[in-house]
Amino acid sequence: MMPVSMVGRAGELAELDRAWSAVAVARRPAPTVAVITGGAGVGKSLLVAAALDSFTPRPSVILSGAARVYGPAPYDWLAAVLTGRDTSRLDLPPDALAWLAQQPTAPRERYAPGTLLRLAVRTVRSLVGSGPALLVVEDLHALDPASLNLIGELATATDLPALLVVASRPAADAVVPELTRRALARLCGVRGAVRQHLGPLRPAEVAEVLTQVYADTKPSGRLVTSVWRRTGGNPYALTELLAAHAGNGPEALLRRLPTPRPPASRPVAEPASRVAASVDPELTAREVDVLDCLVAGMANKQVAKALGISVRTVTVHVSNLLRKTGSASRTEVALWAVRHRTEALAPLDPSDSVAAPG
């Protein structure tokens, strides 16, 4: 039986497995590229992790990295890859390695951009060796321009026995949308590239999740419709909803968690596609931004990175959100936001008796 987190992703898993076989079994001379896009919480990282668990043979080398917490810096992806790794055998000038690894001892004088890019590619080649290797790029949308150039160069490198898996939100959600748009276009344009876009789960897939979680009970159509509407089919929101009701029967999912009433003196914001448009208008714009990140499942450090603020500031905003929404935990405030959004967009009729999706 497929794990709950991977319901609705069987086709994508099989496609990634075939891409890995092209590298590890067929020994394709150039890298195989897989680009996975989707909004926050749709399960991009979970898909990559599940694919890695299923790969046969196992990768000889795994290089994985993402943007650093406190804002992008040149070669963040490679610096993350090099962190904690023995670099003593890398055939690189010490000062160049210090730059690429973002070491505090890096000299002020730096190499020309083109030279540094070539050295970065050489570094990855040295780490990959004879492979087969898996290169994982998380959150392409948050990476710095130098990292984007490096990933593009690796995608078209010759004699690099690797599967390059890139996960990203849509370019419109990126730190610099135009740069991300160009990087995604470059990667998707590589010959044989695998392109996957993850959307929300369909009602039938939500029903499958509920069937697995509540093994002894077939979910009713009303229950499936309610859960699908409340979570918007977002896998992360669905997982959190199930966790909040763990230990109870499936009908507990029909009960609303208590939500605070907005101040009588101010009207509730009009429905819109963003969480901000359907939550308490007493929230500040920055608190709404933080709330969006909590719904996406981000930790405080990830929120700080995404919004360009300090972790301490994030902590203050989270505390304010808990107080203003009357929530006892981060999970509860995220569920509160999801419920407000989905109920505003698609109110649930208590008498709904839609048949269970097939």
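Side chain of Lys44 to main chain of Ile36: no donor-acceptor pair is present (N/O by atom type, distance under 3.5 Å, no hydrogens or angles). Judged by distance alone, with hydrogens and angles left aside, the side-chain atoms of Arg181 form no donor-acceptor pair with the main-chain N or O of Val176 at under 3.5 Å. The backbone N or O of Leu140 sits nowhere less than 3.5 Å from a side-chain atom of Trp77 that would complete a donor-acceptor pair. Between the side chain of Arg58 and the backbone N or O of Leu52 there is at least one donor-acceptor pair closer than 3.5 Å. In terms of modelled atom types and a separation under 3.5 Å, the side chain of Arg230 and the main chain of Leu253 share a donor-acceptor contact. Not a single donor-acceptor pair under 3.5 Å links the side chain of Thr87 to the backbone N or O of Leu90. For the pair Ser226 (side chain) and Arg222 (backbone), a donor-acceptor distance under 3.5 Å is absent. Between the Asn234 side chain and the Ala40 main chain, a donor and an acceptor come within less than 3.5 Å of each other. Between the side chain of Arg195 and the backbone N or O of Cys188, at least one donor-acceptor pair lies under 3.5 Å.
Residues Arg9 and Leu46 fail the side-chain proximity criterion, which asks for heavy atoms closer than 4.5 Å. Considering only heavy atoms from C-beta on, Leu294 comes within 4.5 Å of Leu321 through its side chain. With a 4.5 Å cut-off on side-chain heavy atoms, Leu163 and Pro31 do not count as touching. Counting heavy atoms from C-beta on, the side chains of Leu242 and Val227 never come closer than 4.5 Å. Using a 4.5 Å heavy-atom cutoff, the side chains of Pro235 and Leu201 are in contact. When side chains are defined from C-beta on, Ser21 does not count as touching Phe55, because their heavy atoms never get closer than 4.5 Å. Contact annotation: the side chain of Val23 never approaches that of Arg27 to less than 4.5 Å [non-hydrogen atoms, C-beta and beyond]. Within the 4.5 Å cutoff, no side-chain heavy atoms of Leu210 are placed close to those of Lys218.
The CD atom of Gln302 sits 9.0 Å away from the SG atom of Cys293 when rounded to the nearest 0.5 Å. For the atom pair CG (Leu119) and CG (Leu92), the distance works out to 6.0 Å, reported to the nearest 0.5 Å. Interatomic distance, Leu116 CG to Thr123 OG1, rounded to the nearest 0.5 Å: 8.5 Å. One distance of note links CG of Leu97 with CD of Gln102; it measures 12.0 Å at 0.5 Å rounding. Here the straight-line distance linking atom CG of Leu187 with atom CG of Leu154 works out to 9.5 Å at 0.5 Å rounding. Distance check, rounded to the nearest 0.5 Å: CG of Leu134 to CG of Leu164 gives 9.0 Å.
Between the side chains of Glu138 and Ser64, no donor-acceptor pair of N or O atoms lies under 3.5 Å. Counted by atom type alone, Thr180 and His141 present zero donor-acceptor pairs between their side chains at under 3.5 Å. If you check the side chains of Ser147 and Asp144, you find a donor sitting under 3.5 Å from an acceptor.
Nearest heavy-atom pair across Val33 and Ala155 is CG2-CB, 3.8 Å. Nearest heavy atoms, Gly129 versus Pro161: O-CG, 3.9 Å. Smallest separation of non-hydrogen atoms from Pro200 and Gly232: CB-O, 3.3 Å.
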Check against side-chain contact (heavy atoms from CB on, under 4.5 Å), Ser168 and Val35
CA-CA 8 Å; Ser168 177; Val35 179; 5.9 Å; no
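The pair Lys305-Asp139 meets the salt-bridge criterion, since a charged nitrogen lies less than 4.0 angstrom from a carboxylate oxygen. Salt bridge present: Glu153 and Arg186 bring a charged side-chain N and a carboxylate O closer than 4.0 Å.
Linking ILVMFWY residues whenever their side-chain heavy atoms come closer than 4.5 Å, directly or via other members, leaves Val128 and Val25 in distinct clusters.
In Arg125, the CZ atom is crowded: over 12 heavy atoms of neighbouring residues, nucleotides or ligands sit closer than 6.0 Å.
By the side chain to side chain donor-acceptor pair (under 3.5 Å) test, Glu12 pairs with no residue at all, sequence neighbours left out. Taking Arg182 as the reference, Glu178 meet the side-chain contact (heavy atoms from CB on, under 4.5 Å) condition, with sequence neighbours excluded.
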